[in-house]
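Structure, as structure tokens:
Counting starts at 1 for both ligands and their atoms, following the listed order.
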Amino acid sequence: MGLTKSSTGTRLLSENFKDLKNKKGYTIALAGNPNVGKSTIFNSLTGMHQHTGNWPGKTVANAMGECLYKNQSFLFVDIPGTYSIMSSSEEEEIARDYICFGKPDATVIVIDATCLERNLNLVFQTMEITNNIIVCVNLLDEAKKKKIKIDLNKLSKELGVPVVGTIARNKKTLKNLMDIILKVCKKEIIPSPNKIIYKPIIENSISSLEIVLKDTLTLPNYLLRWISLKILDGEEKILNSIEKNFSISIVNNREIQEVRNTILKNLEKNKIYCENFRDNIVSTIVNNSEIICKKVCTFEVSNYSR
Ligand SMILES: Nc1nc2c(ncn2[C@@H]2O[C@H](COP(=O)(O)OP(=O)(O)OP(=O)(O)O)[C@@H](O)[C@H]2O)c(=O)[nH]1
Ligand SMILES: [Mg+2]
């Protein structure tokens, strides 16, 4: 079976997530690691309007709530906290599938200012599946107590996406967040994520598969790149989701599998095997997070003369 164009994929996708899409307003996903303040922000913005919905075919419930800001209606979706969207736990699957296939108008990734480095891993992973990202650096009060200072402008430049600092209980800081969300939704600000660049051998492998996919699948380049990476990785659940939502056959597509096998043989010659492929990907992401954290974080030295 060959690949199919994505027009039907788009239709299937909107059917799958139609109960989650707010026709009138913008839809905003709130993502992030566990315990970073997503629900606090969600509750503060949506007040008493929130309600809970079930994800198609899933048992985990998600909170959804409306918010009116500057005469514009927003539907916020508080997705489960996860450290990663790479594996197949139910939470990770839900987070990944909603951000990628649910097509929210913007995804706000809430991160903990007191452990920026660990939180950036999820930011980089998410930047592979969507461009419309806003990073919300929350818990700035806790960071201040720990004398951690983050250069938010620099972080924004390093990531290529808007960055807003918040203290979830402080409404004024949430107003700044809403202003940026509105601008991204209205396309007055267009985030342009600086995606992770992997080792040359892995980059070449991704490119070879991208060429095969490009011929038959009409999707933005960043998604072709991500799908190529997942085909190489071979994680079944992710591939099943991609197949279903983009109406594409991967596992049974002979051309894709032939190219994949050739690439894997070449990777093996370079000591990258199926078993350590993902480790390679993860370590590049972790290294990048560390480098950026070092560039934007300073730990104030206490002033003893005071
Ligand atoms: N000091 C401080 N506490 C905060 C802030 N934001 C959230 N909290 C607290 O942090 C804890 C976790 O907040 P939640 O909103 O439940 O975090 P979450 O990201 O929804 O967590 P999960 O749903 O488990 O992923 C709560 O006790 C909040 O009151 C903040 O900006 N400053
Ligand atoms: Mg929560």
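- Under the 3.5 Å distance criterion, the side-chain polar atoms of Glu210 are left unmatched by any main-chain donor or acceptor of Leu224.
- Of all heavy-atom pairs between Leu223 and Cys100, the closest is CD2-SG, 3.8 Å.
- Closer than 4.0 Å to atom 15 (O) of ligand 1 lies at least one heavy atom of the protein.
- Cation-pi geometry between Lys195 and Phe124 is not satisfied (NZ or CZ under 6.0 Å from the ring centre, within 45° of the ring normal).
- Looking at atom 31 (O) of ligand 1, its nearest protein heavy atom turns out to be Ala168 N, 2.9 Å.
- If you number the atoms of ligand 1 from 1 as listed, the ones under 4.0 Å from a heavy atom of Pro34 come out as 25 (O).
- Atom 6 (N) of ligand 1 has its closest protein heavy atom at Asn138 ND2, 3.0 Å.
- Close contacts of ligand 1 with Gly81, meaning ligand atoms under 4.0 Å from a residue heavy atom, involve 25 (O).
- Residue, atom and distance of the protein heavy atom nearest to atom 3 (N) of ligand 1 are Arg169 NH2, 3.2 Å.
- In this structure a side-chain-to-backbone donor-acceptor pair under 3.5 Å is present from Asn270 to Asn266.
- Close approach to Val36 involves these atoms of ligand 1, each under 4.0 Å from a residue heavy atom: 17 (O), 18 (P), 19 (O).
- No side-chain donor from either of Asn170 and Lys175 sits under 3.5 Å from a side-chain acceptor of the other.
- Taking atom 32 (N) of ligand 1 as the reference point, the nearest protein heavy-atom neighbour is Asp141 OD1, 2.9 Å.
- Of all protein heavy atoms, the one lying nearest to atom 25 (O) of ligand 1 is Lys38 NZ, 2.8 Å.
- The protein heavy atom nearest to atom 17 (O) of ligand 1 is Gly37 N, 3.0 Å.
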_Worked check of side-chain contact (heavy atoms from CB on, under 4.5 Å) between Ile28 and Leu75_ = CA-CA 6 Å; Ile28 314 297; Leu75 179 73; over 6 Å; no
*Start with the C-alpha gap between Thr114 and Asp112, add the side-chain angles, then the distance that decides, and say whether side chain to side chain donor-acceptor pair (under 3.5 Å) holds.*
CA-CA 5 Å; Thr114 67; Asp112 181 346; 2.7 Å; yes
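- Comparing Ile79, Leu139, Asn35 against atom 8 (N) of ligand 1, the shortest heavy-atom distance belongs to Leu139.
- Exactly one residue among Asn176, Thr173, Thr40, Asn138 makes a side chain to side chain donor-acceptor pair (under 3.5 Å) with Thr166. That residue is Asn138.
- For atom 28 (C) of ligand 1, the closest non-hydrogen atom on the protein side is Thr40 OG1, 3.6 Å.
- Of all heavy-atom pairs spanning Thr107 and Pro104, the tightest one is OG1-CG, 3.6 Å.
- When only interatomic distances are considered, the shortest N/O to N/O separation between Ile167 and ligand 1 does not fall below 3.5 Å.
- Among protein heavy atoms, atom 23 (O) of ligand 1 sits closest to Ser39 OG, 4.0 Å.
- Proximity to Glu142 (heavy-atom distance under 4.0 Å) selects the following atoms of ligand 1: 1 (N).
- The closest donor-acceptor contact from the side chain of Asn33 to the backbone of Thr82 lies under 3.5 Å.
- At least one N, O or S atom of Ser39 sits under 2.8 Å from the Mg ion (ligand 2).
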